[in-house]
4 protein chains.
Amino acid sequence: MPNTFGKLFTISTWGESHGGGVGVVVDGCPPSLPLSEEEIQVELDRRRPGQSDIVTPRNEADQVQILSGIYEGRTTGTPISMMVFNKDARPGAYEEMKTKFRPSHADFTYHEKYGYRNPEGGGRSSARETIGRVAAGAIAKKILELAVGVETIAYVRQVQDLAMPESSSVTREAIEANAVRCPDQEVAAKMIELIKTVRSEGDSVGGVIECRIRNLPVGLGEPVFDRFEADLAKAMLSLPATKGFEVGSGFAGVSLKGSQHNDPFEIRDGKVRTTKNHSGGVQGGITNGEDVLFRIAFKPTATILQAQATVDTDGQETELAARGRHDPCVLPRAVPIVEAMANLVTLDHYMRQQAQNRLFLFDQS
Amino acid sequence: MPNTFGKLFTISTWGESHGGGVGVVVDGCPPSLPLSEEEIQVELDRRRPGQSDIVTPRNEADQVQILSGIYEGRTTGTPISMMVFNKDARPGAYEEMKTKFRPSHADFTYHEKYGYRNPEGGGRSSARETIGRVAAGAIAKKILELAVGVETIAYVRQVQDLAMPESSSVTREAIEANAVRCPDQEVAAKMIELIKTVRSEGDSVGGVIECRIRNLPVGLGEPVFDRFEADLAKAMLSLPATKGFEVGSGFAGVSLKGSQHNDPFEIRDGKVRTTKNHSGGVQGGITNGEDVLFRIAFKPTATILQAQATVDTDGQETELAARGRHDPCVLPRAVPIVEAMANLVTLDHYMRQQAQNRLFLFDQS
Amino acid sequence: MPNTFGKLFTISTWGESHGGGVGVVVDGCPPSLPLSEEEIQVELDRRRPGQSDIVTPRNEADQVQILSGIYEGRTTGTPISMMVFNKDARPGAYEEMKTKFRPSHADFTYHEKYGYRNPEGGGRSSARETIGRVAAGAIAKKILELAVGVETIAYVRQVQDLAMPESSSVTREAIEANAVRCPDQEVAAKMIELIKTVRSEGDSVGGVIECRIRNLPVGLGEPVFDRFEADLAKAMLSLPATKGFEVGSGFAGVSLKGSQHNDPFEIRDGKVRTTKNHSGGVQGGITNGEDVLFRIAFKPTATILQAQATVDTDGQETELAARGRHDPCVLPRAVPIVEAMANLVTLDHYMRQQAQNRLFLFDQS
Amino acid sequence: MPNTFGKLFTISTWGESHGGGVGVVVDGCPPSLPLSEEEIQVELDRRRPGQSDIVTPRNEADQVQILSGIYEGRTTGTPISMMVFNKDARPGAYEEMKTKFRPSHADFTYHEKYGYRNPEGGGRSSARETIGRVAAGAIAKKILELAVGVETIAYVRQVQDLAMPESSSVTREAIEANAVRCPDQEVAAKMIELIKTVRSEGDSVGGVIECRIRNLPVGLGEPVFDRFEADLAKAMLSLPATKGFEVGSGFAGVSLKGSQHNDPFEIRDGKVRTTKNHSGGVQGGITNGEDVLFRIAFKPTATILQAQATVDTDGQETELAARGRHDPCVLPRAVPIVEAMANLVTLDHYMRQQAQNRLFLFDQS
């Protein structure tokens with residue numbers, strides 16, 4: 001089931017960039033949750049094209065329709081099918097790409113993997129696939145906020161070499177206060193300028209998104225394979241354009257000695273806490289009650305408006321200069337996608353933890 | 001199934017540090033493969049304690065027994081059960097840890113997750129669990145080498161701030177030529193010295209392991225969730241002490257523009273190849289025929305022989321000074337574990353690719 | 001994933017009787033298969049309401065739309081999303097059922113399971129859910145016929161106590177030659193008469209569907225849990241109104257001694273064959289090359305137009321007389337559904353068998 | 001994962017008849033459950049060979065060892081590995097079967113499926129595989145009895161044509177009061193005589209086992225594919241020698257009209273109950289609070305001591321007369337296996353139900 005994610009709260013996405021539409025089926029959702037299309041739409045609007053002047057101008061309202069699983073405004077526990085029709089498809093714009101492989105795109109690998117592919121707008125490899133993830137993630141987010149009190153926020157920490165300083169007090173408001181979704185408004189302004197410059201050169205940039213999950217219960221994550229951070233890593237590396245994932249101290253942590261890196265325990269406000277958080281909120285693959293903190297590296301957008309060397313489907317070397325609409329930097333629109341994936345992982349692990357370890361309370365006397 | 005990994009070639013590990021033993025059940029293995037305990041043992045010997053003077057002196061031969069799935073020296077296609085008995089267990093050494101949580105270990109999180117735990121040697125959170133992975137990985141490795149021609153090598157690229165330069169021509173022989181498993185012999189000598197110094201201080205260090213998968217067919221990896229690099233990321237972050245994963249250009253790649261980062265295609269030796277490999281061998285989640293190249297950040301070992309602040313199971317602040325045997329640097333022994341996980345991911349994806357996309361050859365005329 | 005079926009060729013259905021529609025997402029489909037909506041529609045037309053005068057008169061064209069996974073008439077290997085809009089919904093007809101539980105329906109159990117449900121037309125428990133199965137099964141059928149040569153036929157063997165004699169030479173044409181889908185035309189005529197009589201009494205009848213899978217390769221089915229007949233049993237018992245499953249000699253076989261029941265082997269046309277087929281085409285859970293032959297018991301339709309004792313959502317005893325449209329006998333429309341499930345099980349097992357046991361041909365010398 | 005069963009409470013079995021042993025890994029078990037080898041052994045003793053004079057005389061104590069997942073007498077929530085060594089193996093007795101396929105056994109199908117097999121005692125197809133199921137089932141049984149109050153009992157209802165009348169008041173004591181495990185002592189005596197007669201003829205008989213699950217909560221079972229009875233059907237048809245499954249009215253129910261078959265609701269002892277139980281305790285795939293009642297058809301044992309026609313691995317027709325030890329009737333020893341599978345299905349569904357539908361109680365105002 002290559003297009004399904006999750007164990008108990010599962011999502012299955014479908015659709016292509018220029019087919020009829022894209023969608024998702026959510027299975028395993030708890031019943032009786034109040035849910036409306038408007039709530040889903042809020043998150044989709046954060047990822048939709050055309051939302052600001054630093055993202056792709058492709059004109060898609062990305063209006064979601066809920067096709068099943070809701071009755072009179074509440075979930076019924078049965079599959080929730082949601083979809084968005086593709087509107088502003090321009091298949092003609094992709095004529096050249098039927099035969100020429102775009103460098104660092106998935107054209108060549110899809111061609112070889114399947115032997116047959118939909119080349120329009122990248123087909124299934126288009127980031128439009130993430131619409132389904134964001135729609136499903138909006139449900140997970142609501143459950144986590146309503147029933148568990150978890151808050152997940154992601155933000156652009158770095159664009160190319162422009163980085164904001166570390167901060168544990170980032171707010172949603174600060175993130176949404178600018179088009180690039182960096183909560184440091186000064187750095188954000190510079191990032192926006194950089195993105196515009198790069199776009200004017202027909203080029204692109206990447207960066208780093210940081211995500212923080214607050215108020216998590218202790219105990220989420222399965223030791224061994226399905227560690228909380230392992231499932232986060234998979235979730236994040238499953239997003240287009242990602243090249244790296246780190247949690248807590250990450251790659252920088254290798255410069256420290258154990259005596260510096262370890263997080264001593266203390267009692268704070270009556271709870272077992274660590275005095276710092278090099279662990280990034282996970283120990284032995286299980287959440288320890290601190291913020292789960294991780295970062296994802298996004299490469300510069302592969303689509304650029306410059307001529308590039310490539311080969312075609314006949315095995316001939318040739319050149320390709322992309323036309324058409326694209327994001328000079330994917331990070332601003334990737335922020336809600338990262339949050340969606342983080343919420344999906346968190347809810348799934350919450351349900352798994354409850355199912356195995358909280359249902360049965362055997363007398364320990 | 002929190003203790004199972006893989007979709008078609010699956011492994012399920014079991015066991016604790018100081019219980020009866022540790023083991024693994026491999027399911028889905030192709031039949032007729034010649035297989036002996038000696039072949040499995042070769043890989044286990046590379047991860048076993050006591051193999052050199054820079055690893056833990058715990059004395060475990062880690063002698064594997066194959067309990068099922070083999071008949072007269074060949075696999076039968078039925079589950080292969082393998083186990084290793086624990087020998088040099090010293091439960092008494094862990095008396096203090098029954099009540100005091102070791103900082104940056106999994107004691108606290110297991111305690112909270114399950115409400116009840118085996119504290120001896122970390123119980124299930126012990127790195128002895130990886131014995132099962134290495135035993136299973138040895139089978140995957142043999143199949144991949146024999147039937148597909150794939151070669152997977154991992155090596156220590158960096159210890160604390162000591163790093164070897166990039167090299168695409170690393171050999172197994174160079175890796176195994178020293179105790180730290182860094183193929184650059186000069187850098188290796190410095191790393192060994194560093195590890196000894198750190199150990200003498202009762203401290204520990206981390207580092208970076210790099211892994212290279214050579215001669216992969218084009219087309220492995222499922223687009224969307226089960227991307228080849230996403231499954232590698234999960235596999236690697238599921239290993240104890242890991243804090244980060246990056247593929248190809250990784251985190252450093254964010255400093256480049258798209259025009260610098262993109263990998264142009266060319267025809268080389270009659271094949272579609274890229275002129276460089278910022279992609280790390282994967283595009284759109286699918287292998288493109290270049291080496292798959294990734295790096296994993298390992299934190300410094302949490303066990304150190306210095307007093308540390310912590311709390312106990314009664315919620316009282318206290319102090320703990322570890323005794324007992326441990327690795328001052330886990331990287332040398334982690335090398336075969338990384339290879340094992342990489343081989344497991346690769347074989348599983350190879351089988352998935354064949355099952356969906358190579359079985360049926362519909363006439364395309 | 002309670003709404004997903006299959007391991008490699010998987011289907012996930014969604015939708016309710018009176019919601020927006022019903023649909024299915026097929027994942028893992030091989031690429032390059034020529035596929036049109038018309039081919040899917042052929043099977044849907046065999047299950048749709050209103051097709052004859054012995055089935056429910058609900059007027060649904062059940063026109064399928066393929067939303068993804070096809071490009072220019074061929075599958076791309078990506079998820080195939082298909083849906084059918086509900087047209088002739090009459091939610092008003094179900095007002096009484098919001099509070100009164102229909103006997104031997106799923107109203108009460110859904111109410112208790114989820115605490116909240118869509119009562120219109122049975123919501124998710126409606127047999128309209130099987131539209132997705134039939135649509136997906138049509139794809140499996142095409143692959144099996146085109147690439148493997150398998151033929152699956154189901155037919156009504158018995159209605160109440162009217163049964164046709166055993167026959168191994170049943171043809172599709174004979175099955176489709178009458179409204180009840182019994183290949184024995186004389187018995188069929190009596191069955192039709194019986195169904196009409198029962199309907200005129202406001203009552204209903206059940207019966208037995210038999211299914212025969214011809215020309216199967218030897219070797220399908222996983223020993224132990226995923227035996228071929230075990231997966232068939234699950235598939236069939238997952239259909240509404242089913243109460244029993246038997247393969248080969250079935251329940252009648254218990255009257256025989258081993259010496260009578262065993263199927264001796266012989267060589268026939270150069271192949272290893274059995275002289276009879278009490279085994280029903282499976283031995284040790286694995287197909288042996290004979291026809292796989294099984295029967296399913298369907299209870300009489302629960303919806304009847306007679307007053308029945310029941311209770312309501314307030315826990316009061318009351319009475320309910322169903323109105324509205326229903327099938328007096330579900331078997332004629334269940335025939336294509338049984339075939340669909342049989343084809344889904346068969347294709348999935350075919351792919352599993354190839355993936356594990358046919359990819360790698362190790363030298364046995 | 002062909003050798004794994006269950007979604008949340010999962011078991012993976014391994015081993016062959018004459019290999020080193022047989023075993024099981026249980027994953028997902030709740031922590032803190034008191035558990036000893038003795039408790040497991042009680043169930044294994046009910047299935048072991050040599051327990052009476054109507055079963056196979058193979059001398060196996062089937063002494064279980066728990067290798068992991070227990071600490072100081074309680075489960076830790078980590079995998080529970082259990083195994084039994086094979087003792088009384090007589091590989092020499094199977095020399096002839098290396099080349100001659102036993103009729104109605106799995107020799108031929110394994111040979112063709114895998115191309116290579118362990119012929120000793122049937123290898124993996126031996127019923128010794130069920131030791132792992134019984135050991136795992138004993139844990140499920142304990143949890144269900146202790147924490148949910150469920151009682152599962154199976155018994156021999158019929159041997160060949162000797163059947164006991166229907167009874168809802170069967171007790172464990174009555175079942176265990178005789179060697180054949182039929183709670184009707186008079187019928188049991190005749191069954192035992194029949195089995196002895198048949199054995200003296202070198203022949204075998206089959207029969208029907210009935211199973212009753214009492215005191216189940218309402219709401220277990222996932223509508224659509226994972227219906228409670230569908231998962232039971234799969235579980236039972238995955239047992240060696242089974243040919244049929246029916247729930248509630250089963251195949252006999254097809255003779256009734258809907259007005260006779262439907263189970264009216266009433267209020268009894270303050271609860272919603274049905275006045276009879278043709279449904280067999282499930283409606284729409286979900287338990288309704290009545291006893292779940294089902295029957296399984298077992299064919300006569302395939303191993304008989306009479307000469308039978310067969311073919312050999314060279315494709316030559318030949319004859320085979322089994323020697324060695326076997327059960328003339330598998331039903332007495334199958335009773336604890338049926339109970340084990342029923343308990344595994346029930347616990348798994350209980351955990352699934354709680355995880356999705358009982359964790360989150362959204363305000364419905």
Side-chain angles (χ1 to χ4, degrees), chain C residues 2-3 5 101 103-104 106 109 112-114 124-125 161 203-204 206-207 218-219 222-227 229-230 233-234 237-238 243-251 253-255 257-259 261-265 267 272 283-284 286 288 297 299-301 304 306 308-311 317 357, chain D residues 2-3 5 101 103-104 106 109 112-114 124-125 161 203-204 206-207 218-219 222-227 229-230 233-234 237-238 243-251 253-255 257-259 261-265 267 272 283-284 286 288 297 299-301 304 306 308-311 317 357:
Chain C
N3 295 278
F5 186 80
F101 300 126
S104 290
T109 52
E112 291 290 314
K113 182 177 185 67
Y114 297 114
R124 179 72 179 147
S125 75
D161 294 326
D203 216 330
S204 64
V218 183
E222 301 295 329
V224 185
F225 301 111
D226 298 348
R227 291 175 177 234
E229 69 270 39
K234 169 162 177 160
L237 267 294
S238 80
K243 301 305 287 180
F245 171 92
E246 58 179 17
V247 62
S249 60
F251 280 88
V254 307
S255 294
K257 292 191 182 171
S259 55
H261 191 276
N262 280 356
D263 294 331
F265 287 110
I267 300 294
V272 176
Q283 288 171 333
I286 304 168
N288 69 352
K299 69 173 184 179
T301 320
I304 56 174
Q306 302 181 3
Q308 298 178 85
T310 189
V311 302
E317 298 191 341
N357 301 314
Chain D
N3 294 280
F5 186 80
F101 300 125
S104 290
T109 52
E112 291 289 313
K113 181 177 186 67
Y114 297 114
R124 180 73 179 147
S125 76
D161 295 327
D203 215 331
S204 65
V218 183
E222 301 296 328
V224 185
F225 301 111
D226 298 347
R227 291 175 178 235
E229 69 270 38
K234 169 162 177 161
L237 267 294
S238 80
K243 301 307 284 182
F245 171 92
E246 59 180 15
V247 62
S249 60
F251 279 89
V254 307
S255 295
K257 292 190 182 173
S259 55
H261 190 277
N262 281 357
D263 294 331
F265 287 110
I267 301 294
V272 177
Q283 288 172 331
I286 303 168
N288 68 353
K299 69 173 186 181
T301 319
I304 56 173
Q306 301 181 3
Q308 298 178 85
T310 189
V311 303
E317 298 190 341
N357 301 314

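Proteins come first, then strands; the chains are lettered A, B, ... in the order of their sequence lines, and each starts at number 1.
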Given that the side chain runs from C-beta out, which part of C:Asn288 has a heavy atom under 4.5 Å from chain D: side chain, backbone, both or neither?
both

Taking every non-hydrogen pair under 4.5 Å, which of D:Ala233, D:Gly284, D:Ser249, D:Gly248 racks up the most with chain C?
D:Ala233

Just how far is it from atom NZ of D:Lys257 to atom CG of D:Asn262, taken to the nearest 0.5 Å?
13.5 Å

Where the side chain of D:Asp203 meets the backbone of C:Ser259, is there a donor-acceptor pair that is under 3.5 Å apart?
yes

With a 4.5 angstrom heavy-atom cut-off, is it the side chain or the backbone of C:Gln306 that approaches chain D, or both, or neither?
side chain

Say whether, by atom type as modelled, one donor and one acceptor occur between the side chain of C:Thr310 and the main chain of C:Phe101 under 3.5 angstrom.
yes

Against chain C, work out which of D:Ala106, D:Gly219, D:Gly244, D:Ala230 has the most heavy-atom pairs shorter than 4.5 Å and name it.
D:Ala230

Specify which of D:Glu112, D:His261, D:Lys299 makes the most heavy-atom pairs with chain C at under 4.5 Å.
D:His261

All heavy atoms of C:Thr301 vs all of C:Ser204, minimum pair found to be O-OG, 2.6 Å

Please state whether the side chain, the backbone, both or neither of C:Ser125 comes within less than 4.5 Å of a heavy atom of chain D.
neither

Do D:Lys113 side-chain atoms and C:Pro223 backbone N/O form a donor-acceptor pair below 3.5 Å?
no

If you tally heavy-atom pairs under 4.5 Å against chain C, which of D:Gly253, D:Gly206, D:Ala309 wins?
D:Ala309

Interchain contact, C:Gln308 with chain D, by part (heavy-atom threshold 4.5 Å)
side chain

Return yes if some donor-acceptor pair links the side-chain N/O of C:Gln283 with the main-chain N/O of D:Thr109 below 3.5 Å, else return no.
no

Evaluation steps, salt bridge (charged side-chain N to carboxylate O under 4.0 Å, His left out), between D:Glu229 and C:Lys243
CA-CA 9 Å; D:Glu229 69 270 38; C:Lys243 301 305 287 180; 5.6 Å; no

For chain C, which candidate among D:Phe245, D:Phe251, D:Phe5 shows the most heavy-atom pairs at distances under 4.5 Å?
D:Phe251

Looking only at D:Asp161, D:Val218, D:Val272, the option with the highest number of non-hydrogen pairs under 4.5 Å against chain C is D:Val272

Scored by heavy-atom pairs under 4.5 Å with chain D, the best of C:Val224, C:Asn3, C:Asp226 is C:Val224

Non-hydrogen atoms of D:Ser238 and C:Phe225 that approach each other most closely:
CB-O, 3.5 Å

